[in-house]
Engineer: 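Dropping a structure here in structure tokens format, bear with me for questions.
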Protein chains: 2
Amino acid sequence: MDWQTFLSKAGYRLSEPRKTIMKLMETTEKPLNPLGIHRLLREQGVHLGLVSVYRTLELFLSLGLISQVFQQDGLVGYLPSSFGHHHFIVCQNCQKAVEFAGTEDMQDLIQRIRAETHFQVREHLLQFFGLCPECQSLLKDGEKQ
Amino acid sequence: MDWQTFLSKAGYRLSEPRKTIMKLMETTEKPLNPLGIHRLLREQGVHLGLVSVYRTLELFLSLGLISQVFQQDGLVGYLPSSFGHHHFIVCQNCQKAVEFAGTEDMQDLIQRIRAETHFQVREHLLQFFGLCPECQSLLKDGEKQ
DNA sequence: CTCGTTGCAAACTCTTTGCAATAAC
DNA sequence: GTTATTGCAAAGAGTTTGCAACGAG
């Protein structure tokens with residue numbers, strides 16, 4: 001089911017701003033934040049209130065249509081997400097982000113945490129940071145680590 | 001080496017505000033943010049400019065004396081951290097956070113990500129959310145999942 | 001005594017709220 | 001036509017900056 005159908009079935013309207021924002025998000029590989037989306041659309045000549053961007057992102061997030069992406073110092077933006085669990089690796093140089101598949105590997109760790117802390121484990125936030133192939137090449141001379 | 005020695009050796013002064021803030025952070029088990037620290041100290045009769053709290057946290061973070069703690073919707077605060085890598089599990093009900101030990105389990109996953117995405121993996125953000133033992137008891141009747 | 005550090009006020013940025021106008025269904 | 005959604009303006013929250021006064025070393 002595509003996102004438009006999903007939105008309708010959930011009782012929300014398929015407005016122009018929502019279509020515009022989702023279209024933009026689907027064509028970007030870098031996490032976008034509200035201000036960024038607003039600026040990008042302006043540059044494309046699309047007029048759209050900043051408030052609507054906030055409200056649209058809030059809605060999409062609550063429906064799981066997009067996911068939050070973090071850098072090491074906090075939330076940097078949003079990206080469209082397939083259903084289920086979402087993990088990204090984000091380039092520290094250009095912020096390009098790629099989603100990677102699930103985490104069966106996680107079960108052992110979860111068991112250990114349960115034993116160590118006696119917490120009931122319910123969710124997790126897992127994200128990697130590194131260099132995308134392009135930036136690896138760019139940085140070959142210099143600070144290559 | 002304790003944090004005070006560490007601070008001195010790094011060329012920073014051991015001021016009263018810094019001592020006060022670190023003392024507070026060492027005695028809490030819930031992540032604290034700037035405003036929270038400011039409020040708590042006021043309640044204890046300690047007067048301290050909010051700006052100084054910000055600057056102190058910034059300094060401590062840059063020195064690795066404290067770590068950032070996230071909830072699913074972003075940064076919620078800071079906690080003191082031992083050196084090296086820091087992972088927390090945070091209670092979704094009361095925000096109590098506990099640090100747990102490293103992540104050897106991570107190497108397989110990192111290999112897989114490298115193969116899947118061709119990113120060079122350099123850092124990661126891993127945090128768990130759940131219920132602490134106390135809140136598990138409290139919530140036994142009701143929304144226990 | 002010197003210079004890093006603090007505190008205040010003010011500026012700034014980001015985000016949220018209220019309400020009338022608009023447009024999706 | 002009805003009701004969700006938008007856009008504006010204004011309020012609110014959190015964070016940063018400039019600068020004079022202070023205090024740790």
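So you know, we letter chains A, B, ... as the sequences are listed, proteins then strands, and number each from 1.
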Engineer: Could you tell me how far apart Leu48(A) (CG) and dT6(D) (P) are, to the nearest whole angstrom?
Structural biologist: 8 Å

Engineer: Give the residues of residues 33-46 of chain B touching DNA chain C, defined as any heavy atom closer than 4.0 Å, sorted by residue number.
Structural biologist: none

Engineer: Can you sort out the partners of Tyr54(A) under side-chain contact (heavy atoms from CB on, under 4.5 Å), two or more places apart, ordered by chain and number?
Structural biologist: Pro34(A), Leu35(A), Leu50(A)

Engineer: Could you tell me the separation between the CG atom of Leu59(B) and the C1' atom of dT5(C), rounded to a whole number of Å?
Structural biologist: 11 Å

Engineer: Which residues pass the side-chain contact (heavy atoms from CB on, under 4.5 Å) test with Glu116(B), sequence neighbours left out?
Structural biologist: Phe100(A), Ala101(A), Arg112(B)

Engineer: Rounding to 10 degrees, work out the angle separating the end axes of the helix from dC1(C)-dG25(D) to dC25(C)-dG1(D) (five pairs an end).
Structural biologist: 40°

Engineer: Return the value, rounded to whole Å, for the distance between atom CG of Asp73(A) and atom P of dT16(D).
Structural biologist: 11 Å

Engineer: Gln111(B): what forms a side-chain contact (heavy atoms from CB on, under 4.5 Å) with it, not counting sequence neighbours?
Structural biologist: Arg114(B)

Engineer: Does Gln136(A) reach the main-chain N or O of His118(B) with its side chain, forming a donor-acceptor pair under 3.5 Å?
Structural biologist: yes

Engineer: Is the shortest heavy-atom distance from the side chain of Pro133(A) to the side chain of Phe119(B) under 4.5 Å?
Structural biologist: yes

Engineer: What is the distance, to the nearest angstrom, from the CG atom on Leu50(A) to the P atom on dC14(C)?
Structural biologist: 9 Å

Engineer: Using distance only, find each side-chain donor-acceptor pair of residues 4-20 of chain A under 3.5 Å and give its atom names and separation, not counting sequence neighbours.
Structural biologist:
residue  : atom : partner  : partner atom : Å
Thr5(A)  : OG1  : Asp2(A)  : OD1          : 2.4
Ser8(A)  : OG   : Gln4(A)  : O            : 3.3
Ser15(A) : OG   : Arg18(A) : N            : 3.4
Arg18(A) : NH1  : Arg13(A) : O            : 2.8
Thr20(A) : OG1  : Glu16(A) : O            : 2.8

Engineer: Scan residues 19-29 of chain B against DNA chain D and write down, sorted by residue number, each residue with any heavy atom closer than 4.0 Å; if none is found, say none.
Structural biologist: none

Engineer: For the pair Thr117(A) (side chain) and Ile89(B) (backbone), establish whether a donor and an acceptor sit closer than 3.5 Å, ignoring hydrogens and angles.
Structural biologist: no

Engineer: Round to the nearest Å and state the distance from Gln4(B) atom CD to dA24(D) atom P.
Structural biologist: 13 Å

Engineer: What's the CZ-P distance between Arg18(B) and dG7(C), to the nearest Å?
Structural biologist: 11 Å

Engineer: If the condition is salt bridge (Lys or Arg N to Asp or Glu O under 4.0 Å), which residues does Glu26(B) pass it with, not counting sequence neighbours?
Structural biologist: none

Engineer: Using atom CD of Glu58(B) as one end and atom C1' of dG4(C) as the other, report the distance to the nearest whole Å.
Structural biologist: 15 Å

Engineer: Quick one: salt bridge (Lys or Arg N to Asp or Glu O under 4.0 Å) partners of Glu58(B), sequence neighbours excluded?
Structural biologist: none

Engineer: Per the ring pair (Phe, Tyr, Trp, His ring centres under 6.0 Å) rule, what does the pair list look like for residues 55-75 of chain B, sequence neighbours excluded?
Structural biologist: Phe70(A)-Phe70(B), Trp3(B)-Phe60(B)

Engineer: Ignoring hydrogens and angles, tell me if any N or O in the side chain of Thr27(B) forms a donor-acceptor pair with the backbone of Leu24(B) under 3.5 Å.
Structural biologist: yes

Engineer: Quick one: are Val69(B) and Leu75(B) in side-chain contact, heavy atoms under 4.5 Å?
Structural biologist: no

Engineer: Check the distance between dG14(D)'s P and Leu57(B)'s CG and give it to me in whole angstrom.
Structural biologist: 14 Å

Engineer: Applying side chain to side chain donor-acceptor pair (under 3.5 Å), which residue pairs with at least one partner in residues 33-44 of chain A are found, sequence neighbours left out?
Structural biologist: Arg42(A)-His47(A)

Engineer: How does protein reach along nucleotides 17-25 of chain C, written 5' to 3' as B (base within reach of a heavy atom under 4.0 Å), S (only sugar-phosphate), or - (no contact)?
Structural biologist: BB----BBS

